Amino acid sequence: MRKVTYILVIIISVYYLNAQEIFIVRTDVDTSRSSFVTATHNFSFKVKLKDIKNCTAISFVLRHNQTNNINFSNFRTYPFSRNGSVFVYPWYNPVDGFVRIFTGILNGDTIGGKGEDNPEAIEFEFSVSADAPNLAVVEFIFEDAEAVVTENGIGKIIKLKSQPTLLNIHGFVDVWPGDANNDGIVNINDVSTVALYLGYGPSKQNFRSFQRLKASTDWFAQIALGWDSLAVTYADCDGDGEVTINDMLVIPLNFGKTHQLLNTAPNEETDKALEVVSAHNESTIPFTVLADEPIVGFVGEIAINDYFYQPSNSTWYTQKFDNNMCFVKSVAGPAGYFLVCGSTNAKPINNKTIGISNCNTTIIGKGITSDGSIIEAKMTPVSTLSNTEHEFDLPLLLSSVEFPVTISIYNLLGETIQKTEISSVYEILNKLEELTKGVYFLKFTTQGKVIFTRYFK
């Protein structure tokens, strides 16, 4: 039995390896984009034969679904039928809801003619409607496919094997400006997503992107046509059809906002962009953001050897910072690192001490105002300003606080976790111990002074 089974496996394998096939090859895009079609755009493919010798005629029925969204528009002949004739007749069957394209091709050779080996038979073109649902599947199936070949001067009809061809539809999706990974919330992870796809757009070879009609950075669902990579579509936060550092500025504008997930993001493996490792250096210079107008977000580029971070063991004494929580993230760029910072509650970050760096030069970049306008901005070492702020170590701060003190604890979204009056360091430590793992901002108010620090649990 084992020998018989082994022989059958070999016979079946040889049969399929040498099967005479009919199949489809896309002609409108390269192989990296051949698995999908796009709403409002045409697509085309040629019909080819494999392992066929001396072919003189081909006939088949090509069936497809999605008949409300996929429309046959044209066909083109190939040299195989130059001296013969071609018959193409598309027909919709109301019983099963499929469209069938009846096709017959003769190359003009008479009985006994040489014909052609592995011919390219014909090319079909289709259009995709604007209403085509995103991620729907178009299925093309060959029915009754046959070829006429010449063997020893005699004509012979052979059956052609085939496999279904499945194509996904890239349709229109809802993009929420700032939710770059389309997970339903604007948070720090969206910065990494924008950084991952920087440069995608018109300048990327063999890649299609589309601008949003009447694009806005305001927080509402905006219709966008799916790009060649659906995941990148959401990273275009400002809707200009290209992923640039300006898209990072939309994230602090809408930071912490949420929406109900109506679109399913594609299941693509995406690696997070590399974050700068905070190098602890004795030369730590506080930096502040400056702009001609109030801004809620800033992005600029720092050199590969520079670092910028908010150390967990440091704080800045300031009354200007008020309740304005701020995030800072550095992500890998083409020549260094993009530094992104922004308000979590839409309050301006102008003149706020954002973090410290080993860099002693001004970082030129872009800022975004609360109404979504992008303007020139910069981040400047505090040492160059007259209103130099003071840096405190957290343990030293706790030991020098005069009680009673009011402590407010905020999460990364700027939401108040708790606010209470404390009478001892011991009570403060207990409050911190009750927190779950995460990143928090602590605000101490004592004798008219306001002190902020960031706390890692």
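Bear in mind the structure is a predicted one, so any value in this text is a computation, not a measurement. Residue numbers count from 1 along this sequence.
- Side-chain contact, S129 with D131: no donor N or O sits under 3.5 Å from an acceptor N or O.
- Looking only at distances, a side-chain donor or acceptor of D190 sits under 3.5 Å from a matching main-chain atom of N181.
- Side chain to side chain, D238 and T217 fail the donor-acceptor criterion of an N or O pair below 3.5 Å.
- Of the possible polar contacts, none joining the D174 side chain to the A221 backbone as a donor-acceptor pair under 3.5 Å is found.
- Nearest heavy-atom pair across E376 and G365 is OE1-O, 3.8 Å.
- Side-chain N/O atoms of S127 and S73 include no donor and acceptor closer than 3.5 Å.
- Side chains of F298 and I363 form a contact here, defined as non-hydrogen atoms less than 4.5 Å apart.
- Centroid-to-centroid, the aromatic rings of F75 and F124 stay 6.0 Å apart or farther.
- Here the CG atom belonging to L290 is positioned 7.5 Å from the CG atom belonging to N350, to the nearest 0.5 angstrom.
- Among F102, F23, F142, the single residue meeting the ring-ring contact (aromatic ring centres under 6.0 Å, His included) criterion with F60 is F142.
- Applying the 6.0 Å contact sphere to CG of D371 captures more than 12 heavy atoms from other residues, nucleotides or ligands.
- V289 and C341 get closest at one heavy-atom pair: CG2-SG, 4.2 Å.
- K161 places none of its side-chain heavy atoms less than 4.5 Å from the side chain of D51.
- Ring geometry for F45 against F140 counts as perpendicular: the plane angle is over 60°, on a 0 to 90° scale with 30° as the lower cut.
- Note: F210 and H170 fail the aromatic proximity criterion, with ring centroids not under 6.0 Å apart.
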Inset, instruction - Any chance you could lay out the side chain to side chain contact (heavy atoms under 4.5 Å, CB included) test for F80 and I122, step after step, and finish with the verdict? - result: CA-CA 9 Å; F80 174 75; I122 194 170; over 6 Å; no

